[in-house]
Amino acid sequence: MKTLLPALLLLLASLAMPPRVSAQNEIGYVERFALAGDRDSVLQELIPGSEDYYYFHALHFQVQGRRAEFDAILEQWRKRFPDSGRFKPLEDRQALIDYSSDPAKTLD
């Protein structure tokens, strides 16, 4: 019984304490970007030249329909990070957006 007493006390003490919540209440950058009323100000938090900088700027331009800026940032991104696979989903998405004006290019 003496050997079980410390374990029993530990169990009772743990049941008496409220559980600790380890979840973070702070939202990350993706959520701030998605929920921002003014995404231009949120984009200023990114480090110029970083891959996140290119990704979120390209996404922002694409969503706003700013095709020339989208193409320009994608070109810069490709030069800086030629082996990145992160721009491919945005290119595919742009192809779907362009389907109504050029279905053959989208299907290619």
Side-chain angles (χ1 to χ4, degrees):
M1 182 71 173
K2 278 185 172 179
T3 57
L4 291 176
L5 188 58
L8 185 59
L9 289 174
L10 184 60
L11 176 65
L12 290 174
S14 67
L15 292 174
M17 288 190 235
R20 293 181 63 106
V21 178
S22 63
Q24 297 283 337
N25 289 332
E26 185 177 328
I27 62 172
Y29 183 81
V30 173
E31 290 86 1
R32 282 196 318 279
F33 176 80
L35 300 172
D38 178 18
R39 286 191 178 149
D40 288 319
S41 64
V42 177
L43 288 170
Q44 291 179 11
E45 296 176 27
L46 298 171
I47 299 168
S50 68
E51 194 160 9
D52 281 344
Y53 176 90
Y54 291 113
Y55 177 83
F56 285 103
H57 277 81
L59 180 60
H60 178 61
F61 295 145
Q62 189 177 55
V63 167
Q64 289 193 331
R66 294 160 59 180
R67 182 60 186 267
E69 291 162 294
F70 171 77
D71 290 339
I73 198 92
L74 216 61
E75 183 179 331
Q76 292 171 15
W77 186 6
R78 262 198 210 95
K79 287 178 184 175
R80 178 103 186 202
F81 298 97
D83 297 327
S84 175
R86 289 182 71 188
F87 48 76
K88 180 70 171 136
L90 292 177
E91 290 175 317
D92 293 344
R93 180 181 157 138
Q94 189 62 50
L96 293 172
I97 292 169
D98 293 342
Y99 180 78
S100 61
S101 62
D102 193 355
K105 183 177 178 186
T106 298
L107 296 175
D108 284 342

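The structure presented is a predicted model; accordingly, all values stated were derived computationally and were not measured.
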Atom [atom1] in [X], atom [atom2] in [Y]: separation rounded to 0.5 Å?
| X | Y | atom1 | atom2 | result |
| --- | --- | --- | --- | --- |
| L43 | D38 | CG | CG | 9.0 Å |
| R80 | I73 | CZ | CD1 | 11.5 Å |
| S84 | Y55 | OG | OH | 10.5 Å |

Student check: side-chain heavy atoms of [X] and [Y] closer than 4.5 Å:
| X | Y | result |
| --- | --- | --- |
| E69 | H57 | no |
| Q94 | D71 | no |
| R32 | E45 | yes |

May I ask you to decide if [Y]'s main-chain N or O and [X]'s side chain share a donor-acceptor pair within less than 3.5 Å?
| X | Y | result |
| --- | --- | --- |
| Y29 | V42 | yes |
| R67 | Q62 | no |
| E31 | G28 | yes |
| T106 | A95 | yes |

**Prompt:** If two hydrophobic side chains count as joined below 4.5 Å and joins carry through other members, does F33 share a cluster with I47?
**Reply:** no
**Message:** Please say yes or no: joined through hydrophobic side-chain contacts below 4.5 Å, possibly via intermediate residues, are L90 and F81 part of one cluster?
**Reply:**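 Yes, because L90 and F81 connect within a single hydrophobic cluster, where side-chain heavy atoms sit under 4.5 Å apart.
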**Message:** By the definition ring-ring contact (aromatic ring centres under 6.0 Å, His included), identify the one residue from F87, Y53, F56 that meets it with W77.
**Reply:**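 Of F87, Y53, F56, ring-ring contact (aromatic ring centres under 6.0 Å, His included) with W77 is met by F87 alone.
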**Message:** Let's go through F61 and L74 carefully: what are the C-alpha distance in whole Å and the side-chain angles of both, what is the deciding distance for side-chain contact (heavy atoms from CB on, under 4.5 Å) to 0.1 Å, and is it a yes or a no?
**Reply:** CA-CA 10 Å; F61 295 145; L74 216 61; over 6 Å; no
**Message:** Evaluate R66 against H60 for side-chain contact (heavy atoms from CB on, under 4.5 Å), listing each step before the verdict.
**Reply:** CA-CA 9 Å; R66 294 160 59 180; H60 178 61; 3.8 Å; yes
**Request:** Taking atom CG of L35 as the centre, report whether more than 12 heavy atoms of other residues, nucleotides or ligands fall under 6.0 Å from it.
**Result:** yes
**Message:** Side-chain heavy atoms under 4.5 Å apart, restricted to Ile/Leu/Val/Met/Phe/Trp/Tyr: what other residues fall into the cluster of L107, or is it alone?
**Reply:**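 Once heavy-atom contacts under 4.5 Å are chained together, L107 belongs with Y99.
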